[in-house]
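Being a predicted model, the structure only gives us computed values, none of them experimental.
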Amino acid sequence: MELLVRLLTLALALFLGPTATLAGLGKSPYQLVLQHSRLRGRQHGPNVCAVQKVIGTNKKYFTNCKQWYQRKICGKSTVISYECCPGYEKVPGEKGCPAALPLSNLYETLGVVGSTTTQLYTDRTEKLRPEMEGPGSFTIFAPSNEAWSSLPAEVLDSLVSNVNIELLNALRYHMVDRRVLTDELKHGMALTSMYQNSNIQIHHYPNGIVTVNCARLLKADHHATNGVVHLIDKVISTVTNNIQQIIEIEDTFETLRAAVAASGLNTLLEGDGQFTLLAPTNEAFEKIPAETLNRILGDPEALKDLLKNHILKSAMCAEAIVAGVSMETLEGTTLEVGCSGDMLTINGKAVISNKDLLATNGVIHFIDELLIPDSAKTLLELAAESDVSTAIDLIRQAGLSTHLSGKEHLTFLAPLNSVFKDGVPQIDTQMKTLLLNHIVKEQLASKYLYHGQTLDTLGGKKLRVFVYRNSLCIENSCIAAHDKKGRYGSLFTMDRMLTPPMGTVMDVLKGDNRFSMLVAAIQTAGLMETLNREGVYTVFAPTNEAFQAMPPEELNKLLANAKELTNILKYHIGDEILVSGGIGALVRLKSLQGDKLEVSSKNNVVSVNKEPVAETDIMATNGVVYAINSILQPPANRPQERGDELADSALEIFKQASAFSRAAQRSVRLAPVYQRLLERMRH
């Protein structure tokens, strides 16, 4: 049984990650990552942890499942080394790290964990070493030797030149007057330090990284007789200002300061919470065209959306980012916060110039580029970032760009650039009207569109909405990407140019010389009224070529038999509107004749009953027309299919008879059993 549990635990760890293991239930993210590192190192002996080291640096990380397979930290390759897990040491001649570290006081434990510089500075103060060696219960977040050596020279000089005040206070700020282990270090909590009861900010992230005032916890939970030591990668300092106060005193935030005041967000930024402010510098604002910047600064709603798009809902220290992570802003947009080496990135761009300026209510990262959300953009600005530049050029050439840059509530149905691969149309009166019919008179969101809805355009047309299983279409054009909602307008990216309907199905057929024989046949069959009135039809319209391909005798016979002609023509008319973008792989469309048409699409070729369609999506006010070069025969007119139907019927009858026979045989076999049961019930 014990072996089975071990195997199940290992399988869960390998395939679902450390959070799924049986032993991991209730553990903190840090403990789960440490557990995974133990699992990866167990082949090297007891209490051995696998550690990922970033090549070319001294940075080491306990590995989680994802990092183990990717072998990268912030895009940089790593090598795996195997070390004693925290709290254990090697024994000469034995495998792994079988021995627990000897328990000593805090002062001696500092040397064991690799913080001898902290030991040295503790010695220089008069009061601290006796305290660390004496009775009590303390926690010390001890900076590594590298952390002390990376301090600016002037900062270090000010500390060591006044050891019994500055240095003592700095060290006391790293201490808490009780034992605090990692399972108690919760995300967003504050610990009271031993320096003037100043707060130490703790963040415990889902990826297992723990930060202390944005310094990363390197090795945790080193027990001592009088407390616990956690090794961290920076020397931390007191935090006294909130985010708003930092904005007010930083020279590089002059424009941001004015924007925050105008938006009324200063109350939020000076209040309680744990936010991340991606603070745009003066330089970031200067990169924006003056016209755009002035428009946003003069629009309170757009300005508030702009600033909220720079505020993440939780505090995110730089050390916690080891790979891309999606984070939501107060505006509602999702930003991809990642890293490339030592640089933090936003949406893949290295725009963060300074990081981890800690505040009492969060953390600030300086950014050199403004993050303008869609909700603060005009339609023209939205389109400039999408694959619809050709459509925008046409709008400008037609003199219609003011519609997309003003305050009208509109939706632009913008065809993709690929729609124009065979050439860009010339601007004339007809094209200008067509472009106006790509602009709907209200700001829409595609998730609220419904089947049969009509949309009014600036060109005076009414466009219909068609909802299919895997596509959402407006007339003949279907939405090709998620829509973007701007300040006043929305952008729908469409897979083709719209062709608004110009008349009924009969009007379409009469206006196209290819269908003259079909029009005559429809008149003979008495179907003109049907195709002229309101309705929803899909007409697979045989061209003259299709009729001429029939033997003359058959054609004459068909045209002379009104009943048969009506039957065949009704088979060419579906009882709903199906545009080509809504077909998918295969759709069975019921015809007015009663039988179903099989409409399919493969490699951009539409077929009906396996016959290729010559032209798709000729839109009419009461339907859509497809041109075909063949006459479709109803199943009842196809000998092979009649034979198939008879065979299917015979097979179904045979199956039912077989089932009945098996049931009868089963009843016979079970009859004695039922009889015995009845006898027992009687007694």
Side-chain angles (χ1 to χ4, degrees), residues 241-318 325-337 344-382 384-385 405 407 484-489:
N241 291 328
N242 59 47
I243 292 175
Q244 178 61 30
Q245 289 170 328
I246 293 173
I247 292 174
E248 289 173 356
I249 61 178
E250 284 284 342
D251 290 337
T252 191
F253 294 149
E254 183 181 354
T255 309
L256 175 62
R257 186 159 55 246
V260 169
S263 70
L265 287 175
N266 46 337
T267 304
L268 172 75
L269 297 179
E270 64 189 10
D272 294 334
Q274 283 292 307
F275 304 110
T276 299
L277 175 63
L278 304 170
T281 60
N282 296 336
E283 180 186 351
F285 283 98
E286 290 166 3
K287 291 178 180 178
I288 301 300
E291 182 182 353
T292 301
L293 184 58
N294 291 334
R295 176 184 61 77
I296 294 175
L297 293 177
D299 182 342
E301 188 171 334
L303 178 59
K304 187 172 286 189
D305 281 348
L306 170 71
L307 295 176
K308 283 187 173 182
N309 198 49
H310 290 76
I311 305 172
L312 304 180
K313 290 185 173 181
S314 61
M316 178 60 73
C317 296
V325 57
S326 295
M327 299 197 69
E328 189 176 355
T329 68
L330 292 187
E331 187 271 337
T333 302
T334 298
L335 299 177
E336 186 74 14
V337 183
L344 282 187
T345 61
I346 304 294
N347 294 337
K349 299 172 71 175
V351 296
I352 295 179
S353 55
N354 191 9
K355 55 192 179 185
D356 287 346
L357 181 56
L358 207 60
T360 56
N361 57 349
V363 61
I364 298 175
H365 304 299
F366 295 47
I367 64 170
D368 293 333
E369 191 171 301
L370 214 56
L371 307 173
I372 304 178
D374 288 349
S375 59
K377 294 176 182 176
T378 66
L379 265 173
L380 273 181
E381 290 164 351
L382 288 177
E385 299 171 359
S405 57
K407 295 183 179 181
K484 293 186 174 185
K485 185 177 182 181
R487 176 67 180 91
Y488 296 104

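- Using a 4.5 Å heavy-atom threshold, the side chains of T281 and N354 count as separate.
- Two residues are said to be in side-chain contact when any heavy atoms from C-beta on lie closer than 4.5 Å; I352 and T345 fail this criterion.
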Output a table of donor-acceptor pairs, distance under 3.5 Å, between side-chain atoms of residues 260-267 and any protein atom two or more places apart or on a different chain; print 'none' if there are none.
{"residue": "S263", "atom": "OG", "partner": "A259", "partner atom": "O", "Å": "3.3"}
{"residue": "S263", "atom": "OG", "partner": "V260", "partner atom": "O", "Å": "2.9"}
{"residue": "S263", "atom": "OG", "partner": "L265", "partner atom": "N", "Å": "3.3"}

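- Applying the side-chain hydrogen bond (donor to acceptor under 3.5 Å, both in side chains) test to residues at least two apart or on different chains, the pairs with a partner in residues 302-311 are D305-S375, N309-T329, N309-T333.
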Would you please test K377 and K484 for side chain to side chain contact (heavy atoms under 4.5 Å, CB included) and show each step?
CA-CA 10 Å; K377 294 176 182 176; K484 293 186 174 185; over 6 Å; no
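- Interatomic distance, CG of L293 versus CG of L306, reported as 8.5 Å (0.5 Å rounding).
- Closest of all the heavy-atom pairs between L370 and A284 is N-CB, 3.9 Å.
- Side-chain contact between L269 and I247 is present, with at least one heavy-atom pair separated by less than 4.5 Å.
- Contacts of T334 classified as side-chain hydrogen bond (donor to acceptor under 3.5 Å, both in side chains), with partners at least two apart in sequence or in another chain: none.
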Please determine whether side chain to side chain contact (heavy atoms under 4.5 Å, CB included) holds for the pair Q245 and E270, giving the CA-CA distance in whole Å, both sets of side-chain angles, and the decisive distance to 0.1 Å.
CA-CA 7 Å; Q245 289 170 328; E270 64 189 10; over 6 Å; no
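- Among residues two or more places apart in sequence or in another chain, the side chain to side chain contact (heavy atoms under 4.5 Å, CB included) test is passed with A302 by I296, D299, A376, R487.
- Pairs of residues two or more places apart, or lying in two chains, that qualify as disulfide bond (SG atoms under 2.5 Å apart) and include a residue from residues 251-317 are C214-C317.
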One pair to check against side chain to side chain contact (heavy atoms under 4.5 Å, CB included): L307 and L330. What are the steps and the verdict?
CA-CA 9 Å; L307 295 176; L330 292 187; over 6 Å; no
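- Side-chain atoms of L268 and I311, non-hydrogen and from C-beta on, do get closer than 4.5 Å to each other.
- Inter-residue side-chain proximity for L357 and V363 is flagged as unmet; no heavy-atom pair is nearer than 4.5 Å.
- Heavy-atom contacts from other residues, nucleotides or ligands closer than 6.0 Å to NZ of K485 number 12 or fewer.
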Residues N241, T360; criterion side chain to side chain contact (heavy atoms under 4.5 Å, CB included); working and verdict:
CA-CA 6 Å; N241 291 328; T360 56; 6.0 Å; no
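- Atom CG of L278 and atom CG of L312 lie 4.5 Å apart (nearest 0.5 Å).
- At least one donor-acceptor pair closer than 3.5 Å links the side chain of E381 to the backbone N or O of T378.
- For the ring pair (Phe, Tyr, Trp, His ring centres under 6.0 Å) condition, no pair includes a residue of residues 283-309, sequence neighbours left out.
- The side-chain heavy atoms of S353 and I367, taken from C-beta on, include no pair separated by under 4.5 Å.
- Residues passing the side chain to side chain contact (heavy atoms under 4.5 Å, CB included) test with E254, sequence neighbours excluded: R257, N282.
- The side-chain hydrogen bond (donor to acceptor under 3.5 Å, both in side chains) check on Q274 picks up H203, with sequence neighbours excluded.
- Taking the side chain to side chain contact (heavy atoms under 4.5 Å, CB included) definition, one finds that N361 meets it with N242, I243, A359, sequence neighbours left out.
- For residues 363-382, the set of pairs meeting the ring pair (Phe, Tyr, Trp, His ring centres under 6.0 Å) definition, not counting sequence neighbours, comprises F253-F366.
- Note on residues 344-364: no pairs pass ring pair (Phe, Tyr, Trp, His ring centres under 6.0 Å), not counting sequence neighbours.
- Counting only residues at least two apart or on different chains, the salt bridge (charged side-chain N to carboxylate O under 4.0 Å, His left out) pairs with a member in residues 344-372 are K349-E369.
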